[in-house]
Q: 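This is the structure I have questions about; it appears just below.
Counting from 1, the numbers follow the sequence of the chain as shown. Just so we're clear, the structure is a prediction, and the values are computed from it rather than from any experiment.
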Amino acid sequence: MALVPCQVLRVAILLSYCSILCNYKAIEMPSHQTYGGSWKFLTFIDLVIQAVFFGICVLTDLSSLLTRGSGNQEQERQLRKLISLRDWMLAVLAFPVGVFVVAVFWIIYAYDREMIYPKLLDNFIPGWLNHGMTAHEL
């Protein structure tokens, strides 16, 4: 019943997403006070999707560890449903939205930095947080 490295890695990724979300919500920006708040930013929506996805991954890992060798058909069926939910979420939400956010951000950033991320924002969002929120799927 030992944890394998990929399971430990998923827990670490989930914790990092949660810490980034907490940091992001702690930043006071004028645009957060307008209509939609943080939810109008595709980067924030992607961050939430990734956190939920890795939460489901950790839940799947824990469930598979707890039900291993039990022989209970109902638990096996529930685990298969959880695995199919995890696979669906990766294929439909997490991967496509993540790749789109990263690709569009860095293409526009390379074309004209001021258009997508003005230097003024460096005072509000540190560089490490910006890169962590946009390049986490690469």
Side-chain angles (χ1 to χ4, degrees):
M1 186 125 135
L3 292 175
V4 292
C6 68
Q7 294 167 333
V8 174
L9 181 63
R10 287 179 182 158
V11 171
I13 291 171
L14 176 63
L15 292 175
S16 71
Y17 281 125
C18 291
S19 69
I20 290 173
L21 273 172
C22 291
N23 257 342
Y24 187 81
K25 295 304 284 180
I27 297 172
E28 292 295 327
M29 289 182 59
S31 61
H32 290 183
Q33 308 304 322
T34 61
Y35 177 76
S38 300
W39 291 97
K40 67 180 164 221
F41 301 116
L42 190 57
T43 305
F44 181 75
I45 294 170
D46 179 46
L47 185 63
V48 172
I49 289 172
Q50 295 292 330
V52 169
F53 170 70
F54 277 100
I56 292 172
C57 287
V58 168
L59 185 63
T60 303
D61 289 341
L62 289 175
S63 297
S64 66
L65 282 174
L66 295 175
T67 61
R68 184 173 294 159
S70 69
N72 188 339
Q73 295 297 330
E74 180 62 26
Q75 287 178 344
E76 295 286 332
R77 190 175 66 78
Q78 295 296 331
L79 181 60
R80 282 194 301 273
K81 280 185 181 179
L82 195 57
I83 290 171
S84 66
L85 173 66
R86 178 197 66 192
D87 294 345
W88 176 86
M89 187 154 183
L90 175 66
V92 174
L93 290 174
F95 183 75
V97 173
V99 169
F100 180 77
V101 166
V102 170
V104 168
F105 179 88
W106 288 113
I107 288 169
I108 296 174
Y109 189 93
Y111 178 72
D112 183 10
R113 180 188 197 270
E114 289 293 318
M115 184 189 312
I116 195 163
Y117 191 74
K119 290 189 187 285
L120 173 69
L121 289 179
D122 289 339
N123 298 330
F124 298 104
I125 302 175
W128 64 269
L129 182 59
N130 174 41
H131 284 47
M133 291 185 337
T134 56
H136 58 277
E137 292 92 4
L138 293 177

Q: Measuring from atom CZ of R77 to atom CD of Q75, what distance do you get when rounded to the nearest 0.5 angstrom?
A: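 Going from CZ on R77 over to CD on Q75, the span is 11.5 Å.
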Q: Using a 3.5 Å cut-off and no angle test, enumerate the donor-acceptor pairs between side-chain atoms of residues 91-104 and protein atoms at least two apart in sequence or in another chain.
A:
none

Q: If you measure from CG on L15 to CZ on F54, what distance do you get to the nearest 0.5 Å?
A: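 Going from the CG atom of L15 to the CZ atom of F54 covers 12.0 Å.
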Q: Is it the case that one hydrophobic cluster holds both I107 and Y109, taking links as side-chain heavy atoms less than 4.5 Å apart, direct or via other members?
A: no
Q: Tell me whether D87 is salt-bridged to K81, with the criterion being a basic N under 4.0 Å from an acidic carboxylate O.
A: no
Q: Atom CG in D61, atom CD1 in I56: separation rounded to 0.5 Å?
A: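 Output value for this atom pair is 12.0 Å.
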Q: Under the 4.5 Å side-chain heavy-atom rule for ILVMFWY, direct or indirect, which residues accompany I83?
A: L79
Q: How far does CD1 of I49 sit from CZ of F44, to the nearest 0.5 angstrom?
A: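 Taking CD1 in I49 and CZ in F44, the distance rounds to 11.0 Å.
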Q: Looking at SG of C57 and CE of M89, how far apart are the two atoms once the value is rounded to the nearest 0.5 Å?
A: 9.0 Å
Q: Could you measure the distance from the CG atom of L82 to the OG atom of S64? Nearest 0.5 Å is fine.
A: 9.0 Å
Q: Would you please name every residue forming a salt bridge (Lys or Arg N to Asp or Glu O under 4.0 Å) with E114, sequence neighbours left out?
A: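 Not a single residue meets the salt bridge (Lys or Arg N to Asp or Glu O under 4.0 Å) criterion with E114.
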